[in-house]
Chemist: 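If you scroll down you'll find the structure; I have some questions about it.
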Amino acid sequence: MSRYPFKDAEARWQQVWAERKAFEVADDDDRPSYYVLEMFPYPSGLLHMGHVRNYTLGDVVARYKMARGFKVMHPMGWDAFGLPAENAAITKGIHPAESTYGNIEAMKKQFASLGLSLDWSREFATCDPSYYRHQQAMFLDFLEAGLVYRKESSVNWDPVDHTVLANEQVVDGRGWRSGAVVQRRKLAQWFFKVTEFADDLLEALDGLDRWPDKVRIMQGRWIGRSEGALVRFAIDDRDDPLEVFTTRPDTLFGASFMAIAPDHPLAAELAESSPELQAFIAECAKTGTSEEAIEQAEKLGYDTGLRCINPLIPDQRLPIYVANFVLMDYGTGAIFGCPGHDQRDLDFARKYGRPVTPVVLPPDTDPETFEIGAEAYVGDGKIFNSEFLDGLDVPTAKRTVIQHLEELSVGEGKITFRLRDWGVSRQRYWGCPIPIVNCPSCGIVPVPKEQLPVELPKDIELGKVGNPLDRHPTWKHVACPKCGGAAVRETDTLDTFVDSSWYFLRFCSPRSDQPFDRDKVERWMPVDQYIGGVEHAVLHLLYSRFFCRALKRCGHLDIEEPFAGLFTQGMVCHKTFRDDDGQWLNPEEVEQTGENSWKVIADGRAVTVGRSEKMSKSKLNVVDPGPTIDAYGADAARLFMLSDSPPERDLEWTEAGIDGAWRYLNRLWRLFAAGTPANADSTEALDLSDEAAALKRAVHKTIHAVTDEIEKFHFNKAVALIRELSNRLETVDRNDPAMAPVMREALEALVKLMSPMVPHLAEELWQRLGHDQLLTGTPWPESDPAWLTEDVITIAVQVMGKLRATLELPKGVDKETAEAAALEDENVRRAIGGKAVRRVIFVPGKILNIVI
RNA sequence: GCGGGCGUGGUGGAAUUGGUAGACACGCCAGAUUUAGGAUCUGGUGGCUUCGGCCGUGGGGGUUCGAGUCCCUUCGCCCGCACCA
């Protein structure tokens with residue numbers, strides 16, 4: 001039996017597309033433009049299934065939009081700076097540049113086998129000096145615009161390797177390589193002033209109507225605008241008051257203690273004379289810097305002995321604690337605790353024996369008997385126990401108390417954001433050098449733009465202690481651009497998130513001697529459809545939004561939002577195996593011994609089949625796409641990625657699934673091999689038989705529905721509809737001359753509909769239909785509204801809401817006719833059982849429900 | 001702890017505004033066929049059934065002529081995170 005010769009066909013069409021530059025777009029084209037972008041990959045050297053899914057989804061969009069008459073830009077590049085290349089250099093002794101560019105070449109070959117409609121003429125890597133020189137220029141522009149500044153901030157310090165560790169490199173509080181207990185250390189670092197745009201970044205989320213709600217919600221919460229008040233509490237025997245930020249100034253009469261962050265300046269000052277406090281602060285510093293770690297930690301406080309005065313209750317004295325749950329980065333790094341109406345404050349008060357005074361009375365509650373038990377009351381209600389606030393509701397009390405604090409000059413209304421400025425300094429080699437010179441006499445001096453790029457030195461020693469660029473014998477030593485004296489370069493590099501915050505702009509004019517050409521950016525931006533993993537929902541997407549605003553502020557750009565449409569795909573998962581000790585096992589180590597039982601081949605130990613989890617090296621459940629594509633072809637892999645699972649949900653990789661996709665491609669192959677009817681220009685003028693007309697209606701309905709589903713990113717449903725049509729076509733009698741013209745029309749439509757998903761097979765079948773033009777570039781099929789409707793409709797007949805019959809009735813049938821027809825049905829009559837019909841509900845074209 | 005989701009056959013998943021639950025597949029069962037393949041084709045496949053029907057969308061309750069869909073409640077799972085004062 002004839003099999004689809006995918007190896008030959010896929011290679012052949014890939015070559016044809018490349019030779020004809022089918023996917024390269026010129027900028028001077030007056031068709032409407034459409035920019036499709038998938039998040040560019042880090043060149044690890046190996047394409048994984050997540051990539052295949054991501055780029056397949058993007059390719060469907062790109063090819064579909066092409067067929068719809070858009071001039072589509074679908075570029076690809078490399079997010080090429082990063083930690084893994086540096087680690088590879090340490091463990092394998094390969095220079096990061098060498099491994100990175102080698103990996104790019106290797107991955108490009110793998111990309112080629114997927115048959116993606118990518119415009120490779122726009123390719124670049126972020127580690128190219130021709131890319132990062134522009135990034136350095138932007139850094140200088142941001143600096144000039146006041147959007148970049150320097151401040152001290154904490155890092156994870158490995159005391160053995162003398163290096164700064166990423167959070168990822170800290171395992172159980174220890175450095176991953178040295179095993180040394182990590183210390184927090186303060187370093188002067190560069191920051192991008194993201195908070196400058198906090199309000200705008202938040203408000204503009206509303207306009208991103210083609211973004212998933214969940215991403216907008218996540219970003220909104222990350223930015224975290226909250227309205228509250230700054231309140232100054234005078235401290236006994238000290239001049240400076242303690243300033244706190246609170247979102248609940250209405251509960252000030254319920255205050256029972258104060259707490260400051262372990263790294264609050266006041267704590268540091270007091271610790272100088274208190275070894276005990278020093279020890280407490282050191283203990284707090286052992287908890288990781290991540291919020292997750294702080295959250296797991298037990299709530300601890302240390303009474304400083306200082307007492308401060310509640311500005312609303314002059315004779316009240318509140319103890320000041322240093323507490324491990326107060327964050328220096330939020331608000332003022334100090335809080336007042338109101339245990340009655342905040343659960344964490346309540347837990348703390350119970351632990352340290354502080355009083356609990358309720359000040360918000362829940363509705364319909366007796367103030368005499370209301371008490372706070374184990375749970376704080378956080379709801380709305382009437383204020384009580386609060387003098388001039390008594391009787392007010394919470395929002396009114398907030399306004400009133402803020403006004404009162406302002407009159408007393410001890411506080412004022414204040415809006416605070418959770419969003420922090422973006423620390424971009426990294427003490428690493430394989431990143432974009434920060435174009436700054438530190439001069440002993442002039443201070444911080446920007447590198448003049450004409451001296452850019454500040455290139456990374458090629459001769460570098462990695463794996464030694466310390467910051468590699470700082471250790472380089474000559475690189476950092478330069479003449480000060482201002483005074484000409486001896487000076488040193490900044491030896492930190494930029495966070496790689498900076499690289500990915502503007503690459504989508506560079507694609508518009510990738511060879512420009514400017515960061516981007518403004519007219520090209522205006523032609524293509526914003527990205528019409530951006531596609532990637534939801535793990536970037538906050539950081540990358542938010543930084544990119546910040547970057548566009550910062551560039552606009554500097555006069556380089558007019559747009560603020562880089563991505564008009566966003567789609568976040570699900571993960572690719574695969575089953576996992578573990579032994580009794582919970583160790584992950586490689587699928588090759590195990591064999592199936594029964595329906596649900598598995599064992600280790602080597603020693604027969606029992607194996608637990610875990611649930612399907614995201615493919616990852618640590619879980620040993622990674623499937624390499626390479627051999628799969630080799631065995632089944634790119635189209636089979638693509639089809640499997642698109643079938644069954646909705647793109648936004650996780651997809652489980654199964655051998656059976658890819659096998660099923662491959663078998664379906666062969667069915668299509670045979671459907672077309674069965675002999676295709678000669679071309680007929682149109683079936684419009686023909687007098688079609690009932691059977692032929694029904695087929696034609698099915699074809700047009702399928703065109704209509706598939707188009708709709710692709711537009712809505714429901715590719716799994718589009719595939720199902722295509723299968724339905726092809727199943728039907730397999731049953732058509734090709735020897736019937738009345739069917740031939742419609743069959744021709746059907747086959748042509750089918751090929752076009754499948755072409756975004758399985759482009760190689762589609763080109764092959766298109767050619768077999770006798771076309772000498774490429775299918776790529778051929779317009780999308782149009783559905784004819786005249787063929788979307790049926791003459792006969794099916795009415796479901798219910799008795800008391802239960803289905804008893806379905807009736808085929810002429811389109812537009814009225815209630816009386818339908819009811820009469822229903823009452824003739826034996827099943828319906830049996831269900832009514834001779835009872836009186838009380839009511840009949842009729843939904844035209846759908847339902848007739850008889851109520852008895 | 002907070003926030004966001006999701007629970008539908010043996011499996012992945014379909015199901016307009018509330019209107020025929022299980023499309024399309026995988027798997028399985030029976031049969032056919034063969035150039036014994038990574039086959040292919042035909043039929044069947046939610047459960048129970050006295051063959052009339054009955055029960056079925058995590059559980060319980062409600063609204064409705066009618067609920068997978070709306071409301072209340074409860075259980076389970078997943079994702080994200082920032083103790084946000």
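Per chain, numbering begins at 1; letters A, B, ... match sequence-line order.
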Chemist: Consider the side chain of A:Asn849, meaning its heavy atoms from C-beta on, and name the nucleotide among B:rA14, B:rG66, B:rC55 that approaches it most closely.
Modeler: B:rG66

Chemist: Return the nearest nucleotide to the side chain of A:Lys802; candidates are B:rC65, B:rA85, B:rC54.
Modeler: B:rC54

Chemist: Counting only side-chain heavy atoms from C-beta out, which of B:rG37, B:rG19, B:rG13 sits nearest to A:Arg3?
Modeler: B:rG37

Chemist: Could you state the atom-to-atom distance from CZ of A:Arg354 to C1' of B:rA85 in whole Å?
Modeler: 17 Å

Chemist: To the nearest Å, give me how far apart CD (A:Glu652) and P (B:rC26) are.
Modeler: 16 Å

Chemist: Once you round it to whole Å, what is the distance between C1' of B:rC79 and NZ of A:Lys214?
Modeler: 8 Å

Chemist: Please classify the nucleic acid contact of A:Ala259 as base, sugar-phosphate, or nothing, using heavy-atom distances under 4.0 Å.
Modeler: nothing

Chemist: Using the C1' atom in both, what is the distance from B:rU45 to B:rA23, to the nearest Å?
Modeler: 15 Å

Chemist: Would you tell me if any nitrogen or oxygen in the side chain of A:Arg667 comes within less than 4.0 Å of OP1 or OP2 on B:rU40?
Modeler: no

Chemist: Less than 4.0 angstrom from a charged side-chain N to a carboxylate O is my criterion; do A:Glu724 and A:Lys701 meet it?
Modeler: no

Chemist: Taking A:His714 for the side chain and A:Pro646 for the main chain, is one N or O donor matched with an acceptor at less than 3.5 Å?
Modeler: no

Chemist: Which part of the nucleic acid, if any, lies within reach of A:Arg838 when heavy atoms closer than 4.0 Å are counted: base, sugar-phosphate only, or nothing?
Modeler: nothing

Chemist: Using the P atom on both, measure B:rU11 against B:rG47 and round to a whole Å.
Modeler: 12 Å

Chemist: Are any of A:Thr654's side-chain N or O atoms less than 4.0 Å away from OP1 or OP2 of B:rU11?
Modeler: no

Chemist: Could you give the distance separating B:rG7 and B:rU17 at their P atoms, to the nearest angstrom?
Modeler: 16 Å

Chemist: With the threshold set at 4.0 Å, does a side-chain nitrogen-carboxylate oxygen contact exist between A:Arg663 and A:Asp659?
Modeler: yes

Chemist: Taking 4.0 Å as the cut-off, does a side-chain nitrogen or oxygen of A:Arg804 come that near to OP1 or OP2 on B:rC54?
Modeler: yes

Chemist: Can A:Thr332 and A:Glu243 be said to form a side chain to side chain donor-acceptor pair (under 3.5 Å), step by step?
Modeler: CA-CA 7 Å; A:Thr332 62; A:Glu243 188 168 57; 5.9 Å; no

Chemist: So, are A:Glu648 and A:Lys214 salt-bridged, with charged N and O less than 4.0 Å apart?
Modeler: no

Chemist: Do the numbers put A:Arg723 on top of the ring of A:Tyr664, so that NZ or CZ is under 6.0 Å from the six-membered ring centre and no more than 45° off the axis?
Modeler: yes

Chemist: Between A:Lys351 and A:Asp347, does any side-chain N to carboxylate O distance fall below 4.0 Å?
Modeler: no

Chemist: Which of the following nucleotides, B:rA23, B:rU20, B:rA85, is nearest to the side chain of A:Ala720?
Modeler: B:rA23

Chemist: Between B:rC83, B:rA14, B:rU20, which nucleotide has the shortest distance from any of its atoms to the side chain of A:Arg344?
Modeler: B:rC83

Chemist: Take atom C1' in B:rG56 and the same atom in B:rC79, then report the distance between them in whole Å.
Modeler: 30 Å

Chemist: A:Val326 has a side chain; which of B:rA85, B:rC81, B:rC24 sits nearest to it?
Modeler: B:rA85

Chemist: With a 3.5 Å cut-off and heavy atoms only, can you find an N or O donor on one side and an acceptor on the other between the side chain of A:Lys846 and the base of B:rU17?
Modeler: yes

Chemist: With a 4.0 Å cutoff (strictly under), does any side-chain N or O of A:Arg663 reach OP1 or OP2 of B:rG27?
Modeler: yes

Chemist: Heavy atoms from C-beta onward define the side chain here; which of B:rU20, B:rC65, B:rC84 lies closest to that of A:Ile847?
Modeler: B:rU20

Chemist: Of the nucleotides B:rG7, B:rU40, B:rC81, which has the atom closest to the A:Arg418 side chain?
Modeler: B:rC81

Chemist: Starting at CZ of A:Arg649 and ending at C1' of B:rG13, how long is that distance when rounded to a whole Å?
Modeler: 7 Å

Chemist: Between A:Phe715 (CZ) and B:rA14 (P), how many Å, whole number?
Modeler: 14 Å

Chemist: From C-beta outward on A:Pro646, which listed nucleotide comes closest to its side chain: B:rG13, B:rG53, B:rC84?
Modeler: B:rG13

Chemist: Please report the distance, rounded to the nearest Å, between CD in A:Gln219 and P in B:rC81.
Modeler: 13 Å

Chemist: Please give, in whole Å, the distance from B:rG5 C1' to A:Asp650 CG?
Modeler: 12 Å

Chemist: Tell me which nucleotide among B:rU20, B:rC83, B:rA25 gets nearest to the side chain of A:Asp644.
Modeler: B:rA25

Chemist: Would you kindly give the CG-to-C1' distance between A:Asp659 and B:rU40, to the nearest whole Å?
Modeler: 14 Å

